[in-house]
Number of protein chains: 2
Amino acid sequence: MIDPRRDRALYRQLADLLRDQINQGDLAPGSQLPSESSLAQTYGLARPAVRQAIALLRSEGLITTSRGYGTRVRDEIERRPLELPAGASAIVRMPSEPERAALDIDDGVPVIEIRMPDGRSAVHPGDRVFLLRP
Amino acid sequence: MIDPRRDRALYRQLADLLRDQINQGDLAPGSQLPSESSLAQTYGLARPAVRQAIALLRSEGLITTSRGYGTRVRDEIERRPLELPAGASAIVRMPSEPERAALDIDDGVPVIEIRMPDGRSAVHPGDRVFLLRP
DNA sequence: CCGGATTTGTACGTATGTATT
DNA sequence: GAATACATACGTACAAATCCG
């Protein structure tokens, strides 16, 4: 379980546990995680430590939290193909928080910025597309 | 400045201020941010609130922090072109924390996963490449 | 529609550990 | 060794959103 003597922060140990459960399907996409207080009690941590673990997984794009509701495993969104036009280039980056809010992008989701030869650019949410070269 | 009466969390207001200073070049790439305690005193916040602001900007890939040293604005790394091979596809995502540590990728930096038609895949750090279709 | 219970968000304070300068 | 700075972890309190009977 979680061992204070190990040379790894408690909140990281909890994040590791939860991440494993998600990757192994014990926590299925769409399913609800226990509440923060419940996790705190289960693992003998204070709530701030639990929140750090949750925040870490959120920044990895694995989970989403809604105030007053709870935390659930993000379901995999179906991705639509996005062709990289000839001569265009693409960079990936994280959106700023205002940009994220404006485009309604979840925490932990990068964006793809396509730059056309003529200088114009477009931003796409990274969880809804995959780049394709036909 | 920072106004508790505004309908925006104090740490978000501080993050907005610092983000603007970075984007406008008042805080140049490579330059050092004031220490957390200094920021706390300057803006009349407690250190946890300052740390939340810092964490937010870090998750956006704007800054990096080193324990015992401080926080500085990330320099723009020169990106090398990465050709998307014919028939291949690419998805972008955040690395898990262990993956991030293993590949020595900064906080707030996504990865590009290239999937070949034969099923093999390769992962590239999102801040060192740009995708190109010749 | 309303009230209460639950859950996450924000913000404070404090203490100690550890890496860097 | 000393000073500085970030990391971890505890505790507390209240606010705000959601859900449910």
Side-chain angles (χ1 to χ4, degrees), chain A residues 1-18 27 30-59 62-74 97-98 100-101 104 106-108, chain B residues 1-18 27 30-59 62-74 97-98 100-101 104 106-108:
Chain A
M1 281 295 204
I2 289 184
D3 182 355
R5 291 164 307 184
R6 264 204 292 161
D7 192 23
R8 184 165 179 76
L10 304 184
Y11 80 91
R12 291 186 194 274
Q13 294 187 43
L14 175 55
D16 291 341
L17 283 177
L18 296 172
L27 285 172
S31 69
Q32 190 103 9
L33 269 71
S35 74
E36 294 176 354
S37 358
S38 160
L39 287 170
Q41 196 158 26
T42 300
Y43 294 100
L45 300 174
R47 194 154 81 97
V50 173
R51 284 183 61 76
Q52 275 189 282
I54 298 282
L56 186 54
L57 298 179
R58 206 169 36 218
S59 77
L62 289 179
I63 59 181
T64 59
T65 64
S66 312
R67 186 178 192 161
Y69 174 65
T71 302
R72 48 189 202 290
V73 181
R74 289 191 61 208
E97 191 272 342
R100 213 177 53 69
D104 195 34
D106 275 350
D107 258 330
Chain B
M1 284 293 207
I2 288 183
D3 183 355
R5 292 163 305 183
R6 264 205 290 161
D7 191 24
R8 184 164 179 79
L10 304 183
Y11 78 91
R12 292 187 192 276
Q13 293 187 42
L14 175 55
D16 291 341
L17 283 178
L18 296 172
L27 286 171
S31 69
Q32 189 104 11
L33 268 70
S35 75
E36 293 177 353
S37 357
S38 159
L39 286 171
Q41 197 159 26
T42 300
Y43 294 100
L45 300 174
R47 197 153 82 92
V50 173
R51 284 182 60 76
Q52 277 189 281
I54 299 283
L56 185 55
L57 298 179
R58 206 167 38 219
S59 76
L62 289 179
I63 59 180
T64 60
T65 64
S66 313
R67 186 174 187 162
Y69 172 66
T71 302
R72 54 188 195 291
V73 181
R74 291 192 61 210
E97 192 271 344
R100 211 176 55 71
D104 194 33
D106 275 350
D107 257 329

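Keep in mind the model is a prediction, meaning the values are calculated, not measured. Here is how names work: the chains are called A, B, and so on, in the same order as the sequence lines, proteins then strands, and each is numbered from 1.
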Exercise. Just how far, in rounded Å, is P of dT7(C) from CZ of Arg72(A)?
Worked result: 15 Å
Exercise. Separation of Arg5(B) atom CZ from dA11(C) atom C1', in whole Å?
Worked result: 18 Å
Problem set entry | Side-chain donor-acceptor contact under 3.5 Å, Ser31(B) with Arg72(B) |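 No, no side-chain donor-acceptor contact under 3.5 Å.
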Under 3.5 Å, which donor-acceptor pairs do the side chains of residues 45-55 of chain A form with other protein atoms, sequence neighbours left out?
residue	atom	partner	partner atom	Å
Arg47(A)	NH1	Glu36(A)	OE1	2.5
Arg51(A)	NH1	Glu36(A)	OE1	3.4
Arg51(A)	NH1	Glu36(A)	OE2	2.9

Seminar exercise, completed: The contact string for nucleotides 1-10 of chain D, one letter per nucleotide 5' to 3', using protein heavy atoms under 4.0 Å with B, S and - for base, sugar-phosphate only and none, comes out as ----BBBBSS
Exercise. Between Asp106(B) and Arg100(B), does at least one N-O distance fall below 4.0 Å, as a salt bridge requires?
Worked result: no
Distance-only donor-acceptor hits, side chain of residues 1-8 of chain A, under 3.5 Å, sequence neighbours excluded:
residue	atom	partner	partner atom	Å
Asp3(A)	OD1	Arg5(A)	N	2.8
Asp3(A)	OD1	Arg5(A)	NE	3.1
Asp3(A)	OD2	Arg5(A)	NH2	3.3
Arg6(A)	NH2	Gln13(A)	OE1	2.9
Arg8(A)	NE	Asp16(A)	OD2	2.6
Arg8(A)	NH2	Asp16(A)	OD1	3.4
Arg8(A)	NH2	Asp16(A)	OD2	3.4
Arg8(A)	NH2	Glu97(B)	OE1	2.7

Exercise. Are the side chains of Leu18(A) and Leu57(A) in touch, meaning some heavy atoms are under 4.5 Å apart?
Worked result: yes
